[in-house]
Amino acid sequence: MAQCVQFVEEFVQDSFVPMVAVLCSEEAERATRKNNLNFTELLRPFCRLTSEGHIRDPNNQLQVVKNLRICVNNVMTNPNTASAALSPAQRRLLNEVVLSCQPQEGAVTNVITAGDYNLNFNATTPWFKAYRENFLQTMPASDHEFLNHYLACLLVVSSTEAVPVEQFLKLSQEQHRIQHSGEYTNPKWFIPNTLKYYVLLHDMSEGDEQRADVLYEDMKQRYGAQGCYLLKINSRASSTAEDEQIPDPWSQYLHRNNLQNQVSTVASSTCDGVSNSLESHPLQLDEGKSTAGGAGSHGVCLTLNDHDHIRQFIQEFTFRGLLPHIEKNIRQLNDQLVSRKGLSRSLFTATKKWFGGGKGPEKSVHEPKSTCGLLYPPEAPELQIRKMADLCFLVQHYELAYSCYHTAKKDFLSDQAMLYAAGALEMAAVSAFLHAGAARSYPAHYMDTAIQTYRDVCKNMVLAERCTLLSAEILKSQGKYSEAATLLIKMTSEDSDLRSALLLEQAAHCFINMRNPMVRKFAFHMILAGHRFSKAGQRRHALRCYCQAMQVYKERGWALAEDHINFTIGRQSFTLRQPENAVLAFKQILTNDSRQMATQQAAFLREYLYVYKSVMGEKEASLPMLPLPCIHSSATRVYFGHERRLAEGEKQAATHVSLDQDYDQDLAAMWCHLEEQLVASANRGTVPVNFQQTQCCLNSQTDNLRHPLAVVEEPMIVELTFRNPLKVSLALSNLSLLWRFTPDAASPSKEKMPEEFMGETITNEETLARLRLLPHRTGQLNIVGVVYNLAEASSGETAPSQQTANLMVVRGKQDLMIQGPRLNQTKEDKMLVRHGPDRRLDPIITPNMPLMEVFFLHFPTALLCGEIRKAYVEFCNVSSVALSGLRVASTHPDFFTFGSQATTPVTPLSPTSAKNCSAYKTLATVNQPGSVAFEVLVSAEDFSQLSTVVEIPIEGNVLEPGESTQLPLWLRGPDQEGVHEINFLFYYESVEKGTKISHRVLRHTVFICASRSLSVQASASRSSVPPHHCQDDKGCSGTLVVIDVENINTSESGVREFHIVQVSSSSQHWQLHKCINPARDKDCKLTSRERAKLCFRAKRCKPHQVTSGGMEKYTFADLNLGHERIVSSSTPCGDFFFHCCRTTESQRADVESSRTSSSSKSQDPSEDKASDLNNIVKKCNELDLNIIVIWKAFVVEDNKQLILEGQLHVALQTIGKEATSLTPKEEAQEMVLLKFKSEQPPPVVVPSAELSQLIKTNLHYPETYTHPFVQNSLCLVPVTLTLSNCSPAHVDIIVDLRHKSTSPESLEVHNSFNWVGQTQYKLQLRPEEVLCLTLQACFIQAGVYNLNTPRVFAKPAEQGTMCETSQQTSSPALIIINNA
């Protein structure tokens, strides 16, 4: 981490401090042990001086010493030599230090925003600081440097000793023996003449203070006032320690000692008394004598005045003993060096050259032939220079220290003493950095050279690491984070995972603290640090590093890296007994769309299941969330209703709604329209305001804003869509729904339980699972989730693997949260993203309702066009509530009929007795030549099923619980060939009113394949026979009907031949009178592609028949061509006729309404007149005669002959226009040009072809006439012109006899005759009036003449002349004139 410059300077200064040894008598140790401390521990919190000290350099210049800290340690005499690597005990100590220092919860964190990254990480790294401090303090003393050699020795004797002077002498001799006997290589001493400082320790609670003062005065006389000190402690008894709370400054220093105690115990038990480990180092505290207790128990006998006494003692020792001793030795060394080398000036005078010079960087040190084996004797001048430099450095005289280090560095390099040279380079760089007034900047290349020499030449990683730690902090303080990171990364190696992890983490922090943060480098090096932490056994730090790096890689598209990090986080969390975090990490791996291979995903899954199972073992009460498989919540479908029974034998069950059907928006709208028709029919023609469409199956496309209604004791099926994002199969078992239920107050006390569970193996495709829920109470139900067992699907290759897979089964849940449709009603909805509710999983359970099932018997799948087939339908009430109001609506109401009570024939009611029975009501008759039609007058109200909604006639209109009934159902094949989808919607209600569900419906869909049968074309024309010549009733009017029947059936259907058995008519105004076909006495048979023409005479119905009873009456006339008569006025013939009439009338009404709407826009009087004229002409030519052609077909199927029967309808509306039974196919509308300007409406053109039918003309004359032209040259022949008004209005007529015919037919005969007498008549005929005019034709020679030359003009009265139209007929009237 980047630190401020002041902190870095303090850190570097504290890394190299004067070392002071301590030798205590047993009595002195006993006095300090009252405070749970030894003497060195007692002094440690007070070793930093709070005031400035001063020394004079060899040039007698005063130097200020600020913020000096000394290090006090007990003398340890265990042999220990300097090592190039840390011992195992030292490694364990450092590992424990880092392990015990973890980031605290709620600690201050840094938030850095770099680009679109928002990173949150620890502001400080106290574990690195603790490691660095302990590493620097545990470094063994080395011979190539003197910074950690002892400068002085404190001799401590208690005032309670009998003869303290003798104890001082013994301790002095012991120190001298240790230093000069040569028996011990450790501890190491800075100079031969070590400063000895005599301390008389007085226990205020035991000793005599006056005696102590006397002893101290004697000591000052003996050792001098600057060489001794009286320290008074334990001013209070331990029993009164609890009365006054005294600060405890020792705890922070003793925590590390406790760790070192543990390491020391392990090392001492394995080294057989001779140890080179940390605890035997002279800088190490004498832990064996420390009796440090718990927190707050140190210094119990010390008062604040005692604290001040100790602080004053350290200051007196430093200022009056240590600093003068160092100043004296610096002068001595300077004099020795000057005298030995014959230098003309002191080293100090040459320092300006080094600091002010502009030399370039030092060249890289090449490895010498003898690496670091060169050793100098203690009295060597090079070592004296180094010793003087170290002394100057310790007292903060960095200018002189740099000069000495620089001089020593040259000497060492010239001697190829690389270890010494690297040490001098290191300290020269540090001195240059700490010297605030130096003109030369920090020489980082010195440090680089020193590190390279330590690591590569001397193979001493400990010194290289120390050098790296110092240089990195210095570089970071100067903002050179990139150089610091490079330096730290270079020091990573395989010999120490802990060191590498800490340095990589610091390098990562360097990258993130740069001016332009390098986020991805930060994350990458955090991953490397986490890996090395994991190898070093620092799992908590490893987890922390991976979690911090995850902030960078998360949701950035680094799928594989993210998987690796999550997997490591999961493992580390599980090892650290954080199973919840482990589950979350593994969940991230499994829920993301992983790009891992199948084997790797299988490993992730097994790891997750293992961790999850361990979590479940601890928490069996609650079910956690499972990440697999993914549930497509919006695709959830819910089915309400009873499970339909399948077909039983010949019975075909209604299709209704199932989860196997796909949802179609158009079909849903069609079903809704049918249901609205049914509801309107049941509610007197109006749809209630609170009408809701019945939705048995809810999905993402249905309207789910309201709570659906479910019924008690009727199951609900919830279909869930599972998706496996992995490449390995998953095994789900014991699936069940998780629900919440709020019962009604009046509902009985029963529970609601899911009754089914199932098992599924889910691959990487979508899999559906259907769960059944049966409600037993009324209330509010909320389905909130699904519970299941999850396991990896076993491959089944080996039994052990299968057993292992079976063991890795965990149980959990997933919530079902369905997001509703986005709202887009208000302005706020459009500006914001708001979603409405989706309540398909929140049904309201209602009381019992009736439930009906429908079955069909003998229901065909293929019919001929117009074929009549009788089937049966069975209605079953399978609930405990009676039903009523049974109705049905269909998209093809003309396809079926239930008949009516008034017109239904007595036919077999059971399907078994209906075989080989005709669907028609038939009567046996004798077909006589010239017989007229049988007439039946029927009211349209007798056929009560003329509306689109059909009320089903069941007995009593109520179906009790458990009852069933069968009804006949007549079907008629569609008139157009092809496959027809026909939909039925059955409607029924409960006999109990006021329920939440007002009605229920049942759907049924059938597909009928219609094949060609017959094609019927009919046309009507007026007979040319005059009315008074008609032999029939007066109303005959001489209308002829010609019916052309063709067999257009293909041979594929197996139809052998068709028989036309009867032709019937139905109309309010017209009827067929008799058949005038020459072959009327024969049955009309048609084989494939044969045609037959039938001629009939039609007449008007009697007036009393039309108006009788004041209601619509239809006259059915039957003309049978065989020996049996089919009653067309009964079911099913009459029903299908009225269905067909309703269809054609609705189509005609649509056309008329469009014409009316278009004509209503014009206000021109001339257009109104033209409209009136059209109405007159239309009424004149109206026929309104419906023809029913009944046929039978003989079909061979399975070597059996079947008789099929059917009927075709032709509606003759206008005389002279041909009508057909075939439905015209809709032609594609041609593309027209887009017009932006409306065109003028075309002028109204009166159709002359229709106006020509206003008047019917007939010429009556003798066919031959004999005249003696020799006697009389003029032959006069009488001719009668009969004029008949066919219109219901007054007609003005003009007869002009001056016209000469020019038609091709008239040119072939003689036309040299003239009309004599009056040649022009103007007449007016009343409606349907007949008028005869007597004319005379004059011939002058014999021959054949065409008398059809009169021109007859007619116009409705009160109409303009523009409407006059010729009424001349095109047929010639020939007369033969013979000469007598």
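Just so you know, these numbers use all the heavy atoms, side chains as well, and skip hydrogens, waters and symmetry mates.
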Asks: Using modelled atom types only, decide if a donor and an acceptor are shared between the side chain of S573 and the backbone of G570 within a distance under 3.5 Å.
Replies: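 Not at all, since once roles are kept as given, no pair shorter than 3.5 Å links the two residues.
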Asks: Tell me if a side-chain donor or acceptor on Q90 pairs with a main-chain N or O of T138 at a distance below 3.5 Å.
Replies: yes
Asks: Using the salt bridge (charged side-chain N to carboxylate O under 4.0 Å, His left out) rule, take K535 and E494 through it: C-alpha gap first, then chi angles, then the decisive distance, then the call.
Replies: CA-CA 11 Å; K535 291 178 66 178; E494 293 299 324; 3.7 Å; yes
Asks: Quick check against the 3.5 Å criterion: does T125 have a side-chain atom that pairs as donor or acceptor with the backbone of F128?
Replies: no
Asks: Working to the nearest 0.5 Å, report the span between CG of L628 and CG of L605.
Replies: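 Reported to 0.5 Å precision, the distance equals 6.5 Å.
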Asks: Is there a side chain to side chain donor-acceptor pair (under 3.5 Å) between T636 and E719 once you walk through the steps?
Replies: CA-CA 6 Å; T636 301; E719 182 186 82; over 6 Å; no
Asks: Please answer whether the main-chain N or O of A582 pairs with a side-chain N or O of K587 as donor and acceptor at a distance below 3.5 Å.
Replies: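 It does not hold such a pair.
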Asks: A quick test of your reading: do over 12 heavy atoms of other residues, nucleotides or ligands sit less than 6.0 Å from CZ of R811?
Replies: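 Yes.
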Asks: Quick check for you: to the nearest 0.5 Å, what is the distance between L488 atom CG and Q506 atom CD?
Replies: 7.0 Å
Asks: According to salt bridge (Lys or Arg N to Asp or Glu O under 4.0 Å), who are the partners of K129, at least two apart in sequence or on a separate chain?
Replies: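 In terms of salt bridge (Lys or Arg N to Asp or Glu O under 4.0 Å), with neighbours along the sequence ignored, K129 is linked to no residue.
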Asks: Can E562 and K554 be counted as an ion pair, charged N to O under 4.0 angstrom?
Replies: no
Asks: Can you check whether L623 reaches V787 side chain to side chain, under 4.5 Å on heavy atoms?
Replies: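 L623 reaches V787 side chain to side chain.
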Asks: Verify the distance criterion only: is there a donor paired with an acceptor across the side chains of S500 and D497 at less than 3.5 Å?
Replies: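 No pair is found: no donor N or O on one side chain lies under 3.5 Å from an acceptor on the other.
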Asks: When rounded to the nearest 0.5 angstrom, what distance separates CD1 in I569 from CD in Q578?
Replies: 11.0 Å
Asks: Considering residues at least two apart in sequence or located in another chain, which fulfil the ring pair (Phe, Tyr, Trp, His ring centres under 6.0 Å) criterion with Y454?
Replies: none
Asks: Using the ring pair (Phe, Tyr, Trp, His ring centres under 6.0 Å) criterion, which residues pair with H525? Sequence neighbours excluded.
Replies: F511
Asks: Could you check whether F567 and F586 have their ring centres less than 6.0 Å apart?
Replies: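 Distance test on ring centres: under 6.0 Å, yes.
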Asks: Counting only heavy atoms not in M817 (residues, nucleotides, ligands), do more than 12 fall under 6.0 Å from its CE?
Replies: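 Open: at most 12 neighbouring heavy atoms sit under 6.0 Å from CE of M817.
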Asks: So, using side chain to side chain contact (heavy atoms under 4.5 Å, CB included) as the criterion, who are the partners of L99 when residues are at least two apart?
Replies: E96, Q102, Q538
Asks: Which residues satisfy the salt bridge (Lys or Arg N to Asp or Glu O under 4.0 Å) test with R571, sequence neighbours excluded?
Replies: E607
Asks: Ignoring hydrogens and angles, write down the donor-acceptor pairs under 3.5 Å from the side chains of residues 462-471, residues two or more places apart or on other chains.
Replies:
unit_1 : atom_1 : unit_2 : atom_2 : d
E465   : OE2    : Y131   : OH     : 2.4
R466   : NE     : E426   : OE2    : 3.1
R466   : NH1    : E145   : OE2    : 2.9
R466   : NH2    : E145   : OE1    : 3.2
R466   : NH2    : E426   : OE1    : 2.9
R466   : NH2    : E426   : OE2    : 3.3
T468   : OG1    : A464   : O      : 2.8
S471   : OG     : Y442   : OH     : 3.2

Asks: Among residues at least two apart in sequence or on other chains, which ones pass salt bridge (Lys or Arg N to Asp or Glu O under 4.0 Å) with R544?
Replies: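 Only E505 meet the salt bridge (Lys or Arg N to Asp or Glu O under 4.0 Å) criterion with R544.
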Asks: Can you sort out the partners of N699 under side chain to side chain contact (heavy atoms under 4.5 Å, CB included), two or more places apart, ordered by chain and number?
Replies: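 So N699 forms a side chain to side chain contact (heavy atoms under 4.5 Å, CB included) with R637, Y663, Q701, T702.
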Asks: Going by distance alone, is a donor N or O of one side chain under 3.5 Å from an acceptor N or O of the other, for R532 and T492?
Replies: no
Asks: Output all residues satisfying salt bridge (Lys or Arg N to Asp or Glu O under 4.0 Å) with D838, sequence neighbours left out; order by chain, then residue number.
Replies: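 Once residues adjacent in sequence are excluded, the partners of D838 under the salt bridge (Lys or Arg N to Asp or Glu O under 4.0 Å) criterion are R840.
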Asks: Of all residues at least two apart in sequence or in a different chain, which pass the side chain to side chain contact (heavy atoms under 4.5 Å, CB included) check with E555?
Replies: none
Asks: For N566, does its backbone N or O pair with a side-chain atom of Q588 as donor and acceptor, under 3.5 Å?
Replies: no
Asks: Does V784 reach the side chain of W739, with side-chain heavy atoms less than 4.5 Å apart?
Replies: no
Asks: Just verifying a value: how many Å separate Q814 CD and L790 CG, rounded to the nearest 0.5 Å?
Replies: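 Rounded to the nearest 0.5 Å, the CD-CG separation comes out at 9.0 Å.
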Asks: Sequence neighbours excluded, which residues qualify as ring pair (Phe, Tyr, Trp, His ring centres under 6.0 Å) partners of F574?
Replies: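 Applying ring pair (Phe, Tyr, Trp, His ring centres under 6.0 Å) to F574 gives Y610.
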Asks: Can any side-chain N or O of Q548 pair as donor or acceptor with the backbone N or O of C545 at less than 3.5 Å?
Replies: no
Asks: For the CZ atom on R520, are there more than 12 heavy atoms of other groups (residues, nucleotides or ligands in this structure) within a distance under 6.0 Å?
Replies: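 No, because the 6.0 Å sphere around CZ of R520 holds 12 heavy atoms or fewer from other groups.
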Asks: Quick one: CD1 on I527 to CD1 on I565, what's the gap to the nearest 0.5 Å?
Replies: 3.5 Å
Asks: Restricting to non-hydrogen atoms, name the atom on L609 and the atom on A791 that form the minimum distance, rounded to 0.1 Å.
Replies: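 Closest heavy-atom pair between L609 and A791: CD1-CA, 4.2 Å.
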Asks: If I compare all heavy atoms of A472 with all of L487, which pair ends up nearest, and what's the gap?
Replies: N-CD2, 4.0 Å
Asks: I'd like to know whether S493 forms a side chain to side chain donor-acceptor pair (under 3.5 Å) with R499, so could you lay out the CA-CA distance, the side-chain angles of the two residues, the decisive distance to 0.1 Å, and finally the verdict.
Replies: CA-CA 8 Å; S493 61; R499 179 186 70 236; 2.5 Å; yes
Asks: With side chains defined as the heavy atoms from C-beta onward, is the minimum distance between V8 and E473 less than 4.5 Å?
Replies: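 Sidechains of E473 and V8: in contact.
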Asks: Between Q819 and S634, is there a side-chain donor-acceptor contact under 3.5 Å, judged purely by atom types and distance?
Replies: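 Q819 and S634 do not have a side-chain donor-acceptor pair below 3.5 Å.
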Asks: Counting N and O atoms only, with roles assigned by atom type, does the side chain of N95 sit under 3.5 Å from a partner on the main chain of R91, one being a donor and the other an acceptor?
Replies: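 Checking the backbone N and O of R91 against the side chain of N95, no donor-acceptor pair under 3.5 Å is found.
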Asks: L136 and S15: which non-hydrogen atoms are nearest, and at how many Å?
Replies: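 Looking at all heavy atoms of both residues, the shortest contact is CD1-OG, 3.3 Å.
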Asks: Rounded to the nearest 0.5 Å, what separates atom CE in M491 from atom CG in L503?
Replies: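 Answer rounded to 0.5 Å: 6.5 Å.
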Asks: Restricting to side chain to side chain contact (heavy atoms under 4.5 Å, CB included), what partner residues turn up for L119, sequence neighbours left out?
Replies: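 Listed in chain order: Y117, F121, I512, V519, F522, Q551, V552.
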